[in-house]
Amino acid sequence: MTNDVDVVVVGGGPVGLAAAIEARLAGLTVVVVEPRVGAIDKACGEGLMPGALPLLARLGIDPPGMPLRGVRYTNGHRHADHLFRTGIGRGVRRTALHEALASRARELGAERAVGRVEHFDHDATGVTVNGIRAGWLFGADGLHSTVRRLARLERTVSGRRRFGLRRHFEVEPWSDLIEVHWARRAEVYVTPVSPRLVGLAVLGARGSRFEETIAAIPALAARLDGARPASTVLGAGPFRQQAIRPSRGRVLLVGDASGYVDAITGEGLRLGFDEASIAVETVLSGDPAGYDNAWTRSTRDFRVLTNGLVRAAMSPLRVGIVPLAAALPGVYGSVVERLAR
Ligand SMILES: Cc1cc2nc3c(=O)[nH]c(=O)nc-3n(C[C@H](O)[C@H](O)[C@H](O)COP(=O)(O)OP(=O)(O)OC[C@H]3O[C@@H](n4cnc5c(N)ncnc54)[C@H](O)[C@@H]3O)c2cc1C
């Protein structure tokens, strides 16, 4: 059977689009299957770590946003600041990131098919999905990936689950650090995304409420006093999702679909862009077996550090996190740097 295209990407979020761009830059033909049209919004802290920007620049993308010079952990009494040593990050509204990626993908000739994938057939030479025959399938369909389930790669996750909520406010940014407010039960990430817009993401257990969480943090409530909400509250989760492994034959999982730990380290996008590039390298090499090892190497630090921080955040040690970061700036700084690369 002849292939219509080299690669079909299921999911046109940021990682799926980055994978399509990578594929076109490598001279491969590609179709992205995505049910939603227009600039896609999603619950996200919208912080691009310094390491994400060179990955995007390589794809020819320089999205508009606000510079992020480091990270501040605060509990209202103490704080710990770390300024990135490896460059600066950027706060970018998800819709702006999506538009930049989608327009670059179009410009490079990536095709688009509107639709949701609910079934595919997979054999030794390729994949047939929504009437398209492709040599490879990239599953980039997010946290609750259908491709992961259909490829029998889903792993059941147990334990307490965490969720995220986000909303924007029209207010002049007051800091160029990503502020992380450690409240009693949730963390609130504050990220400037334009000269008049700040995004807030609340991460916590099921049932965390956006307004109540902000109201319980006096310094944050004062900053937002009178500020007009500029978006609705969007939610996502549960965060923790696992795949048995990130590929089966010619089906490669990329981005959140390949497994996710937590948004606590603000890492998903950089990691997903890296995985997109590894997936295309795998196609070029023609050896599906190489993907799992490369994926494991690329995501190891994220998985280890994020798992450790989440465990501490969900334990009685939680109250000690900000004081410890303030008391041990070298350790705090090296963890942030490790994740910012
Ligand atoms: C509250 C919160 C805060 C976060 N903060 C940050 C941060 O500050 N920095 C950072 O880097 N990361 C952050 N993340 C993580 C980041 O949002 C994700 O890692 C990123 O969105 C992953 O992109 P993706 O393209 O893999 O998946 P998604 O963005 O979820 O895109 C998946 C796409 O697949 C489509 N799709 C789904 N099912 C199907 C189907 N069956 N067929 C076809 N298409 C389908 C969807 O419509 C969607 O467009 C945060 C996440 C949350 C929840």
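Ligands are counted one by one from 1 in listed order, and the atoms in each one are counted from 1 as well. As the structure is a prediction and not an experimental result, all values here were calculated from the model.
Remark: the Glu337 side chain and the His82 side chain contain an N/O donor-acceptor pair separated by less than 3.5 Å. With 3.5 Å as the limit, one finds a donor-acceptor pair spanning the side chains of Asp292 and Ser247. Using modelled atom types, one finds no donor on one side chain facing an acceptor on the other under 3.5 Å when comparing Thr306 with Glu267. Using modelled atom types, one finds a donor on one side chain and an acceptor on the other under 3.5 Å when comparing Arg133 with Thr128.
Of all protein heavy atoms, the one closest to atom 12 (N) of ligand 1 is Gly268 N, 3.3 Å. The protein non-hydrogen atom at the shortest distance from atom 42 (N) of ligand 1 is Val117 N, 2.9 Å. Looking at atom 47 (O) of ligand 1, its nearest protein heavy atom turns out to be Glu34 OE2, 2.8 Å. For atom 25 (O) of ligand 1, the closest non-hydrogen atom on the protein side is Val15 N, 3.0 Å. When hydrogens are left out, the protein atom nearest atom 14 (N) of ligand 1 is Tyr260 OH, 3.6 Å; that is the closest non-hydrogen contact. Nearest protein neighbour of atom 37 (C) of ligand 1, counting heavy atoms only, is Asp141 O, 3.5 Å.
Close contacts of ligand 1 with Phe239, meaning ligand atoms under 4.0 Å from a residue heavy atom, involve 52 (C), 53 (C).
Relative to atom 2 (C) of ligand 1, the option among Cys44, Gly164, Pro14 with the closest non-hydrogen atom is Cys44.
By the 3.5 Å distance cut-off applied to N or O atoms, Arg270 is not counted among the residues near ligand 1. Remark: ligand 1 and Gly47 share an N or O pair separated by less than 3.5 Å (distance only, no angle test).
Contact annotation: Arg94 has at least one heavy atom less than 4.0 Å from an atom of ligand 1.
Of the possible polar contacts, one joining the Arg90 side chain to the Pro63 backbone as a donor-acceptor pair under 3.5 Å is found.
For the atom pair CG (Leu55) and OG (Ser277), the distance works out to 7.5 Å, reported to the nearest 0.5 Å.
Between Arg185 and Glu212, none of the side-chain N atoms (NZ, or NE/NH1/NH2) sits under 4.0 Å from a carboxylate O, so this pair counts as no salt bridge.
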